[in-house]
J.: 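Got a structure for you, written out below as structure tokens; questions coming shortly.
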Amino acid sequence: MIRVCIICEGPTEVEFVNRCLEPYLRPSGVSAYGTVLSAKSGRHRGGRVTVDRLAQKISLHYSEADRVSTLVDFYGFQDRASRTRAQLEADIASAARAITTAYDPRYVLPYVQRHEFEGLLFTNPADFEWAEDGWSEEVKAALMAVAQAFPNPEDINDSPETAPSKRILGIFPEGTYSKPEHGPLIAEATGITAIRAKCPAFNAWVAQLQAWGGSQTWR
């Protein structure tokens, strides 16, 4: 088994990796585990995503795992400026290479989710029923309307008003939707296979993780 450390933006994504993605990848020979992006001081756990912080975290785990990847959102990436997802991923890899001894690009796979982890949850809006306290037919209809307005869940845009997480919080009654509690539950109910079918960037990333499991290249 290839041990893959996935550096995550926050506890929601860590739970998603450990609860949903890890068992999905195991048949491919990949044992994945999530870890939260955090400063050396231990403060600022989650969030505050920058190229430098990710590179530092990749360098830290490079010698501890067989492979290292990331799961962070394009929305809220603090120093993205005018860079695209692909440019950010390339810059993360370049920054990690510059500070990591014996760095090999075959063992590092930066991934920036377009636009936000919560976008994946719109694969099947009916699965939001796991947020039981706020669930209703009106909520379901509003979530369905969002999903149907875009070609795929990853196209749900990333402005401060219309990012996927902002839409969810605006649709559910206040205090009834919890990102770390409900996000992984919804994703688990939907399933990785269904999410891959509707989310092309996520699908390509998972395919690359699976390919690691079949790789004959070890270090």
J.: Using the six-membered ring wherever Trp is involved, compare the ring planes of Trp205 and Tyr111 and label them parallel, tilted or perpendicular (cut-offs 30° and 60°).
T.: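 It falls in the parallel class, under 30°.
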J.: Can any side-chain N or O of Glu116 pair as donor or acceptor with the backbone N or O of Ala163 at less than 3.5 Å?
T.: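 No: the side chain of Glu116 does not pair with the backbone of Ala163.
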J.: Give the ring-plane orientation class for Tyr62 versus Tyr103, where under 30° counts as parallel, over 60° as perpendicular and anything between as tilted.
T.: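 Taking Tyr103 first and then Tyr62, their aromatic rings lie parallel (interplane angle under 30°).
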J.: Given Val112, which partner from the list Val49, Leu54, Ile92 fulfils the side chain to side chain contact (heavy atoms under 4.5 Å, CB included) test?
T.: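 The side chain to side chain contact (heavy atoms under 4.5 Å, CB included) with Val112 is passed solely by Ile92 among Val49, Leu54, Ile92.
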J.: Keeping the roles fixed (side chain from Glu89, backbone from Ala86), state whether a donor-acceptor pair exists under 3.5 Å.
T.: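 Checked: no pair found.
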J.: Could you tell me whether the side chain of Lys198 and the main chain of Thr123 form a donor-acceptor pair under 3.5 Å?
T.: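 Between the backbone of Thr123 and the side chain of Lys198 there is a qualifying donor-acceptor contact (under 3.5 Å).
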J.: Does atom CH2 of Trp135 have more than 12 heavy-atom neighbours from other groups under 6.0 Å away?
T.: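 Count over threshold, so yes.
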J.: Is Arg67 reaching over with its side chain to a backbone N or O of Gly213, donor-acceptor style, under 3.5 angstrom?
T.: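 No, because the side chain of Arg67 does not come within donor-acceptor range (under 3.5 Å) of the backbone of Gly213.
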J.: Ignoring hydrogens and angles, tell me if any N or O in the side chain of Glu9 forms a donor-acceptor pair with the backbone of Asp73 under 3.5 Å.
T.: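 Looks like yes, one N/O pair under 3.5 Å.
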J.: For Ala96, does its backbone N or O pair with a side-chain atom of Thr100 as donor and acceptor, under 3.5 Å?
T.: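 Pair found, side chain donor or acceptor close to backbone of Ala96.
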J.: From the options Arg114, Arg167, Lys166, Arg80, select the one residue that forms a salt bridge (charged side-chain N to carboxylate O under 4.0 Å, His left out) with Asp158.
T.: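 It is Arg80, the one option of Arg114, Arg167, Lys166, Arg80 that forms the salt bridge (charged side-chain N to carboxylate O under 4.0 Å, His left out) with Asp158.
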J.: Apply side chain to side chain donor-acceptor pair (under 3.5 Å) to Thr190 and Asp127, showing your working.
T.: CA-CA 6 Å; Thr190 301; Asp127 290 328; 2.6 Å; yes
J.: Taking a hydrophobic cluster as the set of Ile, Leu, Val, Met, Phe, Trp and Tyr residues connected by side-chain heavy atoms closer than 4.5 Å, whether directly or through intermediates, do Ile171 and Phe150 fall within one such cluster?
T.: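 As far as the 4.5 Å side-chain criterion goes, Phe150 and Ile171 are connected within one cluster.
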J.: Evaluate side-chain contact (heavy atoms from CB on, under 4.5 Å) for Val139 paired with Tyr177, printing each intermediate quantity in order.
T.: CA-CA 11 Å; Val139 166; Tyr177 180 84; over 6 Å; no
J.: Is a side-chain donor or acceptor of Ser159 paired with a backbone partner of Glu161 at a separation under 3.5 angstrom?
T.: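 Checking the backbone N and O of Glu161 against the side chain of Ser159, a donor-acceptor pair under 3.5 Å is found.
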J.: Give every residue pair that meets the ring pair (Phe, Tyr, Trp, His ring centres under 6.0 Å) criterion with at least one member in residues 9-29, sequence neighbours excluded.
T.: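 Listed by first then second residue: Phe16-Phe117.
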J.: Determine whether Tyr75 and Phe77 fall in the same hydrophobic cluster, where Ile, Leu, Val, Met, Phe, Trp and Tyr are linked whenever their side-chain heavy atoms lie under 4.5 Å apart.
T.: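 As far as the 4.5 Å side-chain criterion goes, Phe77 and Tyr75 are not connected within one cluster.
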